[in-house]
**Q** 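Dropping the structure in here first, questions after.
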Number of protein chains: 2
Amino acid sequence: MKYDTEPELTEEQLTHVSQIFKALGDPTRIRILHFLLDQEYSVNEIAEKLELHQSTVSHQLSTMKKIRLVKSRREGTTIYYSHDDKHVIDLLTEAINHACHN
Amino acid sequence: MKYDTEPELTEEQLTHVSQIFKALGDPTRIRILHFLLDQEYSVNEIAEKLELHQSTVSHQLSTMKKIRLVKSRREGTTIYYSHDDKHVIDLLTEAINHACHN
DNA sequence: TGCATATATTAGCATATATAAATATTCTAA
DNA sequence: TTAGAATATTTATATATGCTAATATATGCA
């Protein structure tokens, strides 16, 4: 039996890649990330615009921040979020573009 | 309050895109898809090479087949699987490449 | 200090899903 | 038609996760 010559994935690669895809595998997180495509927004702005509970947005932002998909910036009591991984944004927009003409 | 001018994602786009990312968000499925990069393999070959239970491989292949990530071909009692969405393969390899130098 | 606003965290619930063992199905060959 | 091989399905279990309400924390201001 002959097998592929592709190099095996390392444990780290597997973990990292699946973590990112897992984060993108939820409609709510996709909506949030997509909303942050070109501009930063506060938690409340995101919640209002996307019609989500404040705690839901905060929670999902925190999960995305843990794996460096978004970053935050404080201004008084307000915290602005923006995306923090251009490559992930590229993956997302490519997937969306592909979903369009399909 | 001013909001982004990006077009809102449609329900269909959201569902489709999150479905694909969700499928890629599991290490076992990534290993299987990656193993199928350049060549088709039978269920047993995949199970042996990746050291997974036969039922696990069969189950994961069936979930990926449902959403057209893989396709199958029968030859006697053996069923060969291969990937069926070049674009998803591209997303995967891009993510892996990025994970390498990171 | 005390109050209001914005955000974060906690806890509970419901749902989803990954794995594995056991069983069933499908096909080939004798 | 019957046995064996390959794959699929069923069932059970454990784990993860998304959402919500409630509460906590942090900041700015009177």
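In what follows, chains carry the letters A, B, and so on, assigned in the order in which the sequence lines appear, proteins first and then strands, with residues in each chain numbered from 1. Just so it is clear, the structure is predicted and the values come from calculations on it, not from any experiment.
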**Q** Provide, to the nearest angstrom, the distance between the CZ atom belonging to B:Arg31 and the P atom belonging to C:dT19.
**A** 10 Å
**Q** More than 12 foreign heavy atoms under 6.0 Å from CZ of B:Arg73: is that the case here?
**A** yes
**Q** For B:Asn44 and D:dG4, what is the distance between atoms CG and P respectively, to the nearest whole Å?
**A** 18 Å
**Q** Can you build the contact string for nucleotides 16-22 of chain D? Use B for base contact, S for sugar-phosphate-only contact, and - for no protein heavy atom under 4.0 Å.
**A** SSSSBBB
**Q** Grab the two heavy atoms, one from B:Leu36 and one from B:His83, that are nearest each other, plus how far apart they are.
**A**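 The answer is O-CD2, 3.2 Å.
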**Q** Using whole Å, report how far CZ of A:Phe21 lies from P of C:dT17.
**A**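 Roughly 18 Å, once rounded to whole Å.
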**Q** Kindly indicate whether the side chain of B:Leu37, heavy atoms from C-beta on, has any atom under 4.5 Å from the side chain of B:His34.
**A**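 Counting from C-beta outward, B:Leu37 and B:His34 do come under 4.5 Å.
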**Q** Using whole Å, what does the distance between atom C1' of nucleotide D:dT9 and atom CG of B:Leu61 come to?
**A**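 Whole-Å distance recorded here is 14 Å.
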**Q** May I ask you to test the B:Thr10-B:Gln13 pair for a side-chain heavy-atom distance under 4.5 Å?
**A**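 A side-chain contact exists here, since the closest heavy-atom pair is under 4.5 Å.
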**Q** Is there a residue in residues 66-83 of chain A whose heavy atoms reach under 4.0 Å of DNA chain C, and which residues are they?
**A**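 Heavy-atom contacts with DNA chain C come from A:Thr77, A:Thr78, A:Ile79, A:Tyr81.
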**Q** Looking at side-chain heavy atoms only, is the closest gap between A:Asp26 and A:Gln60 below 4.5 Å?
**A**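 In contact.
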**Q** Does a sphere of radius 6.0 Å around NZ in A:Lys71 hold more than 12 heavy atoms from other residues, nucleotides or ligands, not counting ones at 6.0 Å or beyond?
**A**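 Buried by this count: over 12 neighbours within 6.0 Å.
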**Q** Please check if the distance between the ring centroids of A:Tyr41 and A:Tyr81 is under 6.0 Å.
**A**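 No.
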**Q** Is it true that A:Val70 and A:Tyr80 fall in one hydrophobic cluster, defined by side-chain heavy atoms closer than 4.5 Å?
**A** no
**Q** What is the separation between atom CD on B:Glu45 and atom C1' on D:dA5, rounded to the nearest whole Å?
**A**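 About 14 Å, once rounded to whole Å.
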**Q** Whole angstroms only, please: what is the CD1-C1' distance between B:Ile30 and C:dA18?
**A** 14 Å
